[in-house]
Amino acid sequence: MTLISVSSRLLSFLRRRRIGTSSCFQSLSIGVVHFHVNDNIAKPNSIPHSTHSIPSPHIKLQQYLVQKSKSGFDNLDDALAVFDKMLKLRPLPYDFHFNQLFTALVKMKQYQVAVSLFQEMSSRKIDVDIITFNIAINCCCHSNRVDYAFSLLLSAFKRGFVPDVFTYTTLIRGHLSQHKSAEARLFFTNLIKLNELQPDVVTDNTVINGLCKTGHTQMAIWLFRFMEKSDCKPNTVTYNTVIDSLCQHGLVDDALILQSEMMEKGILPNVWTYSPLIQVLCKLNRWEELSLLLQQMIEDMNISPNVHTFTILVDAYAKSGKLDDAKQIIKIMNERGEYPNIVTYNSLMQAYCSQGQMDEAMVLYRNMECEGLSPTVVTHNILLHGLCQLGGLCKSNYVDKALSFFQTMECNGLIPESKTYNIIICGCLWNKKYNEASKLVHKMVDCGFSADAITTSLLQQILTKVQDPTLLAMHQKCLQSGV
DNA sequence: CTAGGGTTAG
């Protein structure tokens, strides 16, 4: 079993599924039409029975905000304009109207804006409820202001609110995201002791995720097994979290066992259950199992791969030099309406580069820009690496291309990483462009980066053959930067 | 009638 035969099997699964895909699109378009038609008809059923006492502008506002809280606003200015209108409306909208607006802001990841609007409401003494506080506390945690989140908890107490499992779970996650696992644990155990918190599945999932991310996989699994015995049973998220962690620690067999366990227990896997397993099976060249897993996912479970899943496959093909298969995956993606993003294209570019097809890689680079996908530093690292390696193998004019490409990148406002510098410096060294290399070493050190192991050993290797003052000075500079 | 968990890929 090889990656090629996996590819042909994958293709056949996906082709067979295409009929299903088109019917799915049909029902989607019917849904859209349905929505527009309905929009112009009075919708008595969509208005709660008790709303006869709610002023009419509030009902309109509510309908509008329900939709925005699900999708977010198109832009921030719209959200702020609505907030201003709400402040001017008399009588004032209810707390849950403001909560809906905040929910929309959270969807847009505008956490700091949400916090400042919450402050604005507080200073105007507008009534809020515990949900408003919970949203604000969550937004503080997301913008790394756990300290302020705690001060909000205090003011909630002062105003007579009783924090609930939402509040505490959010604060535990806040601690964990700040890498304060000791504080999180203390907070958690104290709340349990004081009988302030009755953890639910989300609390447990939050703790399990924190344990996994801090390398305490064994403890995470202990909690997971504890949940199985308790009334608070693991759900899909719990399984996904543990499976992902096991995959990342190379414990793929344990991860596969858990995945079959969840199926036996009737807990439905989703695309995120499969993706980490697919990735690690690719990495370990376990193609037979990969093929079976893909078959189970697509055929038996009727779960479609998404952009991330496809990108994992493109990357696997790129790393095994299977350019044609990588291209095939892109084609399937387009057919299925799962469009490649910048990461997918970076992987495809890697495939071109590994085959030495630099011209095609450059064509892809320009196409990406045309499609409105902005190349990232990683895109440039891949291209520069390709150009430098090719230059080292045969033609040094590729290194000149790499150097001018490096300049273009900076002009476009992308800030090179340590890796970027090391790639281009190695390219210069290979091609005996010692002066260029020296300039770049100084620039790299000025930016606070240092030579990596590859650059240092290459430099030492050259120094054994060539005694050049520029090279010696560069070597010194590299050694100093490493300290 | 709104709030907390898992974003996995280069």
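Just so it is clear: chains get the letters A, B, ... in the order the sequence lines come, proteins before strands, and each one is counted from 1. Remember, it's a predicted structure, so these values are computed and weren't measured experimentally.
Ring geometry for A:Phe96 versus A:Tyr94: interplanar angle of 30 to 60°, hence tilted.
For A:Lys327, there are no side chain to side chain donor-acceptor pair (under 3.5 Å) partners at least two apart in sequence or on another chain. For A:Leu414, the side chain to side chain contact (heavy atoms under 4.5 Å, CB included) partners two or more places apart in sequence, or in a different chain, are A:Val377, A:His380, A:Met409. Remark: A:Leu117 engages A:Leu80, A:Phe83, A:Leu101, A:Phe102, A:Leu105, A:Val113 in a side chain to side chain contact (heavy atoms under 4.5 Å, CB included) (not counting sequence neighbours).
No side-chain donor-acceptor contact under 3.5 Å links A:Ser275 to the backbone of A:Trp272.
Within residues 101-113 of chain A, the residues approached by DNA chain B to less than 4.0 Å at the level of any non-hydrogen atom are A:Thr103, in residue-number order. Of the residues in residues 189-197 of chain A, not one places a heavy atom less than 4.0 Å from an atom of DNA chain B.
Side chains of A:Thr170 and A:Asn138: no donor on one and acceptor on the other come within 3.5 Å.
Residue side chain A:Asn346 does not reach the base of B:dA9 through any donor-acceptor N/O pair under 3.5 Å, judged by distance alone.
Residue A:Asn240 is in base contact, counting any heavy-atom pair closer than 4.0 Å across all strands shown. Within 4.0 Å (heavy atoms only), A:Val66 reaches sugar-phosphate atoms of the nucleic acid but no base atom.
Of the charged side-chain nitrogens involved, at least one lies within less than 4.0 Å of a carboxylate oxygen, so that A:Asp315 and A:Lys319 count as a salt-bridged pair.
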Note, DNA chain B 5' to 3' with Watson-Crick or G-U pairs under 3.5 Å encoded as ( ), [ ], | and . gives ..........

